[in-house]
Amino acid sequence: PPAAGAAGEALAAAAARLPQRFEHCLVSCLSPGAVIRPHRGPTNKKLRFYLPLVVPPGGVDACGLKVHGERIPLVPGRPIVFDDSFMHSAWNRSPAARFVLIADVWHPDLAPREVALLMAMQGAFEASLQHPANASAANPYTTMAHARAQGAVDGAQLWTGL
């Protein structure tokens, strides 16, 4: 429907204005009765921006988010930002679906050159997935070397100035 297209365009425009965007943005639908078990990101390199769009009635007992032990009610239009490395979970015990915009942004304490290095490492990892025989999940340096050899990462740009 045209309204859905306009809403999608508005969401894309809002996501594009986020500072230090991490290149990870999605609309998440949590079905009735669904639970996202407690989990955490591997590092504190990013913050998670969480914007409730459609929230079923019933308060935090019906539909909510828990970050670092704190239960957070979801209110449509009220953003939540948290460190992805903190333990977090979500639930929807209501009979209706829940929709939120999720976008990751680089941690504001990171310097631009640190962000550039982390972006290059992420690009190298993604490039290594195209060549599984060269990938080494246990060793990011090996992954970087293979990606550099394949031309997926500009080695001179990556290592200078750090």
Side-chain angles (χ1 to χ4, degrees), residues 3-130 135 137-140 143-144 147 152-153 158 162:
E9 289 174 16
L11 287 174
R17 289 191 305 268
L18 288 171
Q20 295 200 116
R21 201 161 37 101
F22 185 75
E23 301 301 323
H24 179 93
C25 185
L26 61 105
V27 174
S28 169
C29 172
L30 194 58
S31 300
V35 173
I36 298 174
R37 294 181 183 187
H39 63 285
R40 71 178 93 219
T43 72
N44 66 345
K45 68 184 179 207
K46 65 183 178 180
L47 299 180
R48 177 139 297 168
F49 174 82
Y50 203 86
L51 180 65
L53 303 171
V54 177
V55 180
V60 73
D61 288 331
C63 187
L65 177 68
K66 186 175 186 178
V67 178
H68 200 60
E70 180 181 346
R71 289 168 39 110
I72 302 170
L74 303 180
V75 178
R78 188 176 83 193
I80 301 162
V81 178
F82 61 93
D83 184 326
D84 183 60
S85 69
F86 290 177
M87 188 66 72
H88 54 283
S89 61
W91 59 90
N92 181 6
R93 298 182 186 110
S94 81
R98 177 278 280 153
F99 293 88
V100 298
L101 173 69
I102 297 174
D104 291 337
V105 296
W106 292 103
H107 196 287
D109 289 343
L110 291 172
R113 66 184 188 184
E114 292 170 316
V115 169
L117 173 63
L118 290 168
M119 288 177 70
M121 291 178 75
Q122 180 68 27
F125 174 73
E126 290 172 3
S128 75
L129 295 178
Q130 302 301 314
N139 187 341
T143 300
M144 290 290 290
V153 174
L158 174 64
L162 293 177

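How far CD1 of Ile102 is from CG of Leu51: 10.5 Å, rounded to the nearest 0.5 Å. For the atom pair Phe82 CZ and Glu70 CD, the distance stands at 11.5 Å (nearest 0.5 Å). To the nearest 0.5 Å, the span separating CH2 on Trp106 from CG on Leu118 amounts to 4.5 Å.
The stretch residues 84-95 participates, sequence neighbours left out, in these salt bridge (Lys or Arg N to Asp or Glu O under 4.0 Å) pairs: Lys46-Asp84, Arg48-Asp84. Applying the side-chain hydrogen bond (donor to acceptor under 3.5 Å, both in side chains) rule to pairs touching residues 30-41 yields His39-His88, sequence neighbours excluded. Listed by first and then second residue, the side-chain hydrogen bond (donor to acceptor under 3.5 Å, both in side chains) pairs that reach into residues 51-69 are Asp61-Arg71, sequence neighbours excluded.
The minimum heavy-atom distance between Ala62 and Pro57, with the atom names listed, is CB-O, 3.8 Å. Residues Ala97 and Pro56 approach most closely at O-CG, 3.6 Å, considering heavy atoms. For the residue pair Ser94 and Ala96, the shortest heavy atom distance occurs at OG-O, 3.0 Å. Nearest heavy-atom pair, Pro95 versus Pro32, reported as atom, atom and distance to 0.1 Å: O-CG, 3.5 Å.
Looking at residues two or more places apart in sequence or on another chain, you find a side-chain hydrogen bond (donor to acceptor under 3.5 Å, both in side chains) between Ser28 and Arg98. Annotation: side-chain contact (heavy atoms from CB on, under 4.5 Å) contacts of Pro73 (sequence neighbours excluded): Val60, Arg78. With sequence neighbours left out, the side-chain contact (heavy atoms from CB on, under 4.5 Å) criterion links Ser85 to Asn44, Asp83. With sequence neighbours excluded, the residues that form a side-chain contact (heavy atoms from CB on, under 4.5 Å) with Val81 are Leu47, Phe49. Evaluation of the side-chain contact (heavy atoms from CB on, under 4.5 Å) rule for Pro38 yields Met87, Ser89 as partners, not counting sequence neighbours.
Using a 4.5 Å heavy-atom cutoff, the side chains of Leu65 and Leu74 are in contact.
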